[in-house]
Amino acid sequence: MRYKPFMRIGTYNINSVRLRIERVIALLREENLDILCLQETKVEDKDFPLRPLQEAGYTHIHYSGEKSYNGVAIISRIQLNNIHTLAFVNSHKRHIAATLPDGTELHNFYIPAGGDIPDPAINDKFAHKLAYCDAIAVWLRQNRKSDAPLIMLGDFNIAPLEQDVWSHKQLLGVVSHTPVEVEKLGRLKDSLGWIDTSREFVPHTEKLYSWWSYRNRDWRASNRGRRLDHIWITPPLKPLLQSSHILKDRRDGEQPSDHVPVVVELMSS
DNA sequence: ATGGTTGGGGTCCAA
């Protein structure tokens, strides 16, 4: 096997892994990924499309799915250990975790989108989203430490910074960018001193998106994006962080997901 | 203020 100095890890909300399996394969190959975490696989475990991924050289594949909704997966060409899932708030399949050979623990999350109305008193889905964020933060504080090497990534369905949305003012009342959610995500981020890898390389003053709605004739022209997909690391991994990219061009082509992948490079330790 | 589009499963829900 040739020398490989960096480990390349990605996250991608695929919005049906069966419909877009060829996109997944192309991403793995063209980005030379070691590990890819998926969200919204929308498939029961018995129907997960294993074979094309194995044929592409990814033999360590773990998933937790359900019919029609939610679902997460980790696709890897590196051995993974201690695969486990956690159910926060309810039984939705929104989390799967694994430990890498160097001991780094990887947590893949699909945080609830939260519905349309940003009021937990009248919208159960928004209440669920807030409770889910709280539950993760509590679990992390009680079970993990900020001096351990951890990666937490996925579709968090929250765009925390003003430049993470196309119009901060116009989206203050829109689920994904409301102050109450941003506050929740901030507390979650503080739980272990998480580092937002994308913003390590792009200043907070610069627009940065990972999702563009289907409800636009021309997503690139209108450019009404939001940064919903994140890769966070704990402080011990910061010196190992080499790069982070949001693969905007993957929003193009036939039948794209409405999200694009985010990829980081970490020095192998 | 409203509506715009997509996927999955099945004639509607979630995003």
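In what follows, every chain begins at residue 1, and chains take the letters A, B, ... in the order their sequences are listed. Values below: every heavy atom of this structure, side chains too, minus hydrogens, waters and symmetry copies. Everything numeric in this text was worked out from a predicted model, so none of it was measured.
- A donor atom on one side chain and an acceptor atom on the other are not found under 3.5 Å apart for A:Asn157 and A:Arg226.
- Comparing the C1' positions of B:dG10 and B:dA14 gives a spacing of 15 Å, expressed to the nearest Å.
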Fill in: Reading 5' to 3' through nucleotides 10-15 of chain B, protein heavy-atom contacts under 4.0 Å coded B for base, S for sugar-phosphate only, - for none
----SB
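- Under the rule for a salt bridge (charged side-chain N to carboxylate O under 4.0 Å, His left out), A:Asp229 has no partner lying at least two apart in sequence or in another chain.
- Rounded to an integer number of Å, the gap from CG of A:Asn216 to C1' of B:dG3 is 11 Å.
- Annotation: proximity of residues 158-177 of chain A to DNA chain B (heavy atom, distance under 4.0 Å) is found for no residue.
- No donor-acceptor contact under 3.5 angstrom links the side chains of A:Gln39 and A:Asn13, judged on distance only.
- Counting only N and O atoms by type, the side chains of A:Tyr214 and A:Asn15 include a donor and acceptor under 3.5 Å apart.
- One P atom belongs to B:dA1, the other to B:dT5, and the distance between them is 22 Å to the nearest Å.
- No side-chain donor-acceptor contact under 3.5 Å links A:Glu181 and A:Ser176.
- Rounded to whole Å, the C1' atom of B:dG3 lies 15 Å from the corresponding atom of B:dA15.
- To the nearest whole angstrom, the two C1' atoms, one in B:dG7 and one in B:dT11, are 15 Å apart.
- Residue order along DNA chain B, read from the 5' end via each residue's closest nucleotide, puts A:Arg224 first among A:Thr41 and A:Arg224.
- Two residues are said to be in side-chain contact when any heavy atoms from C-beta on lie closer than 4.5 Å; A:Trp194 and A:Leu140 meet this criterion.
- Across the protein-nucleic acid pair, A:Glu66 atom CD and B:dG7 atom P stand 19 Å apart, rounded to whole Å.
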Which pairs of donor and acceptor atoms, one on a side chain in residues 50-60 of chain A, lie under 3.5 Å apart (sequence neighbours left out)?
from	atom 1	to	atom 2	distance (Å)
A:Tyr58	OH	A:Leu28	O	3.4
A:Tyr58	OH	A:Leu33	O	2.5

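- Remark: A:Lys238 pairs with A:Glu200 by the salt bridge (charged side-chain N to carboxylate O under 4.0 Å, His left out) rule, at least two apart or across chains.
- Distance CG (A:Leu19) to P (B:dG9): 11 Å, rounded to an integer number of Å.
- Qualifying salt bridge (charged side-chain N to carboxylate O under 4.0 Å, His left out) partners for A:Asp218, counting only residues two or more places apart in sequence or in other chains: none.
- Distance check on atom P: B:dG9 versus B:dC13 gives 16 Å, rounded to whole Å.
- Nucleotide B:dG7 holds its P atom 10 Å from the CZ atom of A:Arg23, rounded to whole Å.
- Note: CD (A:Gln255) to P (B:dT5) measures 16 Å, nearest angstrom.
- Phosphate proximity of B:dG7 to A:Arg20: present, with a side-chain N or O under 4.0 Å from OP1 or OP2.
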